[in-house]
Amino acid sequence: MSRMRLRIAERLKSAQNTCAMLTTFNEVDMSNVIEMRNRHKDAFLKKHGIKLGFMSAFVKASAFALQDQPVVNAVIEENNIVYRKYIDISVAVASPKGLVVPVLRNCETKNFADVEKEINELGTKARDGTLAVEDMDGGTFTISNGGVFGSLYGTPIINPPQSAILGMHAIVDRPVAVKGQVKRSQVFPTSIHFFEVVIR
């Protein structure tokens, strides 16, 4: 294993051994987000020169939620819980050397185009092996997308010193009851894995 993979393995195993972690699961009806993406993707590509994916919606939704619930954006430093006034979201990305988590800085100030461009840039650097340590340092929250591998449910491991991680999974068609009617929906299973001592 590379030195980077060994270090990541050590940190994640340490988190498993030392954090009281809990997980909650939810299902999100993605129909409106999918419809919005389909409606705007061509104009978005023409205007910004990049495809409109789902990740920008998840990053922006997470940023809004973290502003509303700052304890989830807190990090642990020694024996202290530190509340950040900025939202730096680590996004798990596959690379030839394994999974890496580069950081999108100040997500609360970015729009969808900013997020998509930065994810694309960081993904390219990950695949090219040119990510610097600074690109992966200092996140306050992580998003991990196991759905790209077809995963329906999972419990991703918290990336210390963060106190939570959002797991995203495969979008599936499912019948859902809405106002007494059964309709076909595109359901997105999610999980939030959090450090119970920080988030109560």
Using 0.5 Å steps for rounding, measure from the [atom1] atom of [X] to the [atom2] atom of [Y].
X: Thr124; Y: Ile119; atom1: OG1; atom2: CD1; answer: 11.5 Å
X: Thr130; Y: Asp135; atom1: OG1; atom2: CG; answer: 8.0 Å
X: Thr190; Y: Asn145; atom1: OG1; atom2: CG; answer: 11.5 Å

> Does the side-chain contact (heavy atoms from CB on, under 4.5 Å) test come out yes or no for Val82 and Arg84, once each step is laid out?
Replying inline: CA-CA 6 Å; Val82 179; Arg84 302 294 193 202; 3.5 Å; yes
> Looking only at heavy atoms, which two atoms of Ala57 and Val33 are closest? And how far apart?
Replying inline: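 Taking Ala57 first and Val33 second, the nearest heavy atoms are CB-CG1, 4.2 Å.
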>> Any side-chain to backbone donor/acceptor pair from Glu27 onto Val187? Under 3.5 Å, distance only.
In response: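 Such a contact is absent between Glu27 side chain and Val187 backbone.
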> Side chain of His169, backbone of Gly154: donor and acceptor closer than 3.5 Å?
Replying inline: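 Such a contact is found between His169 side chain and Gly154 backbone.
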> With respect to Ser56, which candidate in Arg37, Glu116, Lys110 satisfies the side-chain hydrogen bond (donor to acceptor under 3.5 Å, both in side chains) definition?
Replying inline: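 Testing Ser56 for a side-chain hydrogen bond (donor to acceptor under 3.5 Å, both in side chains) against Arg37, Glu116, Lys110 leaves exactly one candidate, Glu116.
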> Does the pair Ile165 and Asn159 meet the rule for a side-chain contact (heavy atoms from CB on, under 4.5 Å), with working shown?
Replying inline: CA-CA 7 Å; Ile165 183 170; Asn159 184 17; 5.7 Å; no
> Is the ring centre of His48 less than 6.0 Å from the ring centre of Phe44?
Replying inline: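 Yes, ring centres under 6.0 Å apart.
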> Can you list every pair that meets ring pair (Phe, Tyr, Trp, His ring centres under 6.0 Å) and has a residue in residues 56-86, with sequence neighbours left out?
Replying inline: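 Output for this query lists Phe58-Phe188.
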>> Asp88 and side-chain contact (heavy atoms from CB on, under 4.5 Å): which single residue from Leu104, Asp137, Val103, Asn73 fits?
In response: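 Option passing the side-chain contact (heavy atoms from CB on, under 4.5 Å) with Asp88: Val103.
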> Between Phe54 and Met30, is a side-chain contact (heavy atoms from CB on, under 4.5 Å) present by the stated rule, with each step listed?
Replying inline: CA-CA 10 Å; Phe54 292 123; Met30 288 291 292; 4.0 Å; yes
>> Counting only heavy atoms from other residues, nucleotides and ligands, does the tally under 6.0 Å from CG of Asn32 exceed 12?
In response: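 Open: at most 12 neighbouring heavy atoms sit under 6.0 Å from CG of Asn32.
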> Are the charged groups of Glu121 and Lys117 less than 4.0 angstrom apart, N to O?
Replying inline: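 Not counted as a salt bridge, because no side-chain N and carboxylate O are separated by less than 4.0 Å.
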